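What you see is a predicted model, and the numbers here were worked out from it, not measured in a lab. First the proteins, then the strands, lettered A, B, ... as listed; each starts at 1.
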There are 2 protein chains.
Amino acid sequence: MLPQFNSAFSIDCVIFGFDAGELKILLIERNEEPFKDWWALPGNIVGENESLDQSASRILHELTGLGDIYMEQYYTFGDVARHPQGRVLSVAYYALIRLGGDKALKPISNYAKQAYWVNIKELPRLAFDHQQIFDKGLEKIKRRIKHQPIAFELLPEKFTLTQLQNIYELISDKKLDKRNFRKKMLSFGVLKDLDEKQKGVSFRAATLYRFDKRKYAKLFGKEISF
Amino acid sequence: MLPQFNSAFSIDCVIFGFDAGELKILLIERNEEPFKDWWALPGNIVGENESLDQSASRILHELTGLGDIYMEQYYTFGDVARHPQGRVLSVAYYALIRLGGDKALKPISNYAKQAYWVNIKELPRLAFDHQQIFDKGLEKIKRRIKHQPIAFELLPEKFTLTQLQNIYELISDKKLDKRNFRKKMLSFGVLKDLDEKQKGVSFRAATLYRFDKRKYAKLFGKEISF
DNA sequence: CGACTTAGTGTAAAAACGACGTAAATGTAA
DNA sequence: TTACATTTACGTCGTTTTTACACTAAGTCG
């Protein structure tokens with residue numbers, strides 16, 4: 001083996017979820033050195049026979065029991081001293097997942113004591129360069145939400161326009177006009193009106209919509225600005 | 001050293017240049033195994049004490065003698081079998097450089113026999129997964145040119161609006177209306193009219209402009225659509 | 001049935017975009 | 001020196017898109 005083969009690489013994931021009107025990410029409490037007992041992004045060393053994407057999916061699955069999630073590589077962090085035990089590159093992924101109260105997260109694997117959803121505005125001090133990794137991830141989805149339909153990934157399959165608007169306001173950090181928002185969203189023709197109303201709310205129930213992937217696929221190539 | 005420390009990583013660069021009305025990238029002819037004598041993107045193993053960005057700058061400098069170049073990491077390629085000698089991640093960067101006939105490229109370092117500028121529409125078969133790396137890089141700048149002022153990096157400091165329009169047409173692969181293009185470009189207020197004319201052309205000389213980084217910096221945060 | 005809460009809707013003014021044609025400047029060749 | 005070829009430079013108007021803005025309808029709760 002050549003002398004250059006002396007490095008390792010890992011995946012770290014910024015997993016966004018939307019819950020109780022707040023944007024949260026998944027953090028673990030580390031159970032191993034280095035940074036034992038610190039909060040950290042879920043991440044792990046990539047296996048010998050895993051591609052990066054496969055590894056990211058595996059890690060997400062181990063942590064949450066979830067599969068089939070929109071997930072994307074966005075940057076690779078490689079400062080010389082970012083890991084105390086040697087040269088370790090970290091390839092960062094973000095994921096957006098539906099946080100239904102019903103689907104509890106499955107027990108997580110050994111490398112963490114516990115995992116929690118934490119509001120992105122109240123993050124604790126993080127291990128390694130994970131704060132930097134998070135910052136870049138947030139920046140990324142802020143930009144991406146304009147041109148790709150990632151907001152839908154955070155919502156349950158059936159959602160109201162108000163819920164959708166909340167997500168946009170949370171991520172972009174500004175207030176939007178309700179009428180203009182609805183007009184624009186509906187004008188893309190990618191929302192399917194389900195002829196069905198919200199239930200269990202103590203006020204007028206809103207119409208439920210579903211994101212229509214087929215219709216979205218037909219727009220491919222056109223630049224959209226949600 | 002832990003058993004996971006058995007991998008290596010490299011940088012590969014997609015270096016765009018604009019010359020004689022064509023968009024080109026820099027390719028090398030490899031002088032070493034594997035893929036000896038093949039065409040490849042310029043790239044190299046990252047040094048032990050180099051960050052990724054430093055390494056990318058070094059490689060670019062070794063190849064072209066150029067420094068202070070707009071360069072950006074855009075994706076990391078990590079398929080298990082992408083390198084025949086072991087697990088080697090490749091972090092891809094793109095750069096856009098001014099290709100003046102005057103500044104010849106400095107002699108390149110040992111890992112290549114020779115380097116050439118090749119029209120992106122006439123690429124030869126490339127080593128490793130370099131075709132894939134190139135494709136993704138091209139896609140990236142196609143999207144990025146809309147929202148960031150990267151087109152200017154390809155031009156000499158003083159340029160005409162027609163030259164600028166050529167770049168936009170080449171990268172986006174469509175014809176633009178001259179009047180509308182000028183109107184829009186000038187409306188951003190980031191071009192400084194130099195009160196100076198093109199020289200050495202056999203027809204009416206055009207006004208020269210310079211990209212004004214200061215004014216552009218003031219627009220920060222606003223979403224621009226060039 | 002009154003009070004409260006959220007859903008749902010339209011219009012007008014401003015801004016941005018897209019299509020389009022002609023005259024002025026300059027070098028070149030006859 | 002003149003005619004020609006080439007390229008710069010410029011403005012308008014109709015269309016589309018974006019923005020700002022306020023009230024009524026529906027449903028729940030007491």
For a quick test of your reading: what N or O donor-acceptor pairs under 3.5 Å do the side chains of residues 193-200 of chain B make, sequence neighbours left out?
| from | atom 1 | to | atom 2 | distance (Å) |
| --- | --- | --- | --- | --- |
| B:D193 | OD1 | B:D195 | N | 2.8 |
| B:E196 | OE1 | B:K158 | NZ | 3.4 |
| B:E196 | OE2 | B:K158 | NZ | 3.0 |
| B:K197 | NZ | B:T207 | OG1 | 3.2 |
| B:Q198 | OE1 | B:A206 | N | 3.0 |

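With B:R98 contributing its side chain and B:L155 its backbone, the two residues share a donor-acceptor pair below 3.5 Å. Of the possible polar contacts, one joining the B:H130 side chain to the B:L41 backbone as a donor-acceptor pair under 3.5 Å is found. Judged purely by atom type and a 3.5 angstrom limit, A:H147 uses its side chain to pair as donor or acceptor with the backbone of A:I224. A donor-acceptor pair under 3.5 Å is formed between the side chain of A:E169 and the backbone N or O of A:L176.
Ring centers of A:F128 and A:W38: at least 6.0 Å apart, outside the cut-off.
Considering only residues two or more places apart in sequence or on other chains, B:K174 meets the side-chain contact (heavy atoms from CB on, under 4.5 Å) condition with B:S172. Residues passing the side-chain contact (heavy atoms from CB on, under 4.5 Å) test with A:K213 are A:F211, sequence neighbours excluded. Taking the side-chain contact (heavy atoms from CB on, under 4.5 Å) definition, one finds that B:K218 meets it with nothing, sequence neighbours left out. For A:D129, the side-chain contact (heavy atoms from CB on, under 4.5 Å) criterion is met by A:F77, A:R82, A:Q132, A:I133, not counting sequence neighbours.
Residue pairs meeting the salt bridge (Lys or Arg N to Asp or Glu O under 4.0 Å) criterion with at least one partner in residues 130-141 of chain B, sequence neighbours excluded, are B:E139-B:R143. Within the structure, salt bridge (Lys or Arg N to Asp or Glu O under 4.0 Å) pairs that include any residue of residues 177-189 of chain A do not occur (at least two apart or interchain).
Heavy-atom distances under 4.0 Å link DNA chain C to A:T162 of residues 142-165 of chain A, given in residue order.
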Identify all pairs in which a protein N or O lies below 3.5 Å from an N or O of nucleotides 9-17 of chain C, and state each distance.
| from | atom 1 | to | atom 2 | distance (Å) |
| --- | --- | --- | --- | --- |
| C:dT11 | O4 | A:K183 | NZ | 3.0 |

Could you go through nucleotides 1-4 of chain C and list every protein N or O atom that sits under 3.5 Å from one of its N or O atoms, giving the distance for each pair?
none

Protein-nucleic acid N or O pairs under 3.5 Å, nucleotides 22-29 of chain C:
| from | atom 1 | to | atom 2 | distance (Å) |
| --- | --- | --- | --- | --- |
| C:dA24 | N3 | B:R204 | NH1 | 3.2 |

Run the side chain to side chain contact (heavy atoms under 4.5 Å, CB included) test on A:F152 and A:Y70 for me, step by step, so that the C-alpha distance in whole Å, both residues' side-chain angles and the decisive distance to 0.1 Å come before the verdict. CA-CA 10 Å; A:F152 307 101; A:Y70 186 94; over 6 Å; no
Walk me through it: do B:I15 and B:I69 pass the test side chain to side chain contact (heavy atoms under 4.5 Å, CB included)? CA-CA 10 Å; B:I15 303 169; B:I69 296 297; over 6 Å; no
Run the numbers on A:Y94 and A:L138 for side chain to side chain contact (heavy atoms under 4.5 Å, CB included), then give the verdict. CA-CA 9 Å; A:Y94 68 74; A:L138 179 60; over 6 Å; no
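Taking every nucleotide of DNA chain D with any atom under 4.0 Å from a non-hydrogen atom of chain B, the first and last of them, 5' to 3', are D:dT6 to D:dT12.
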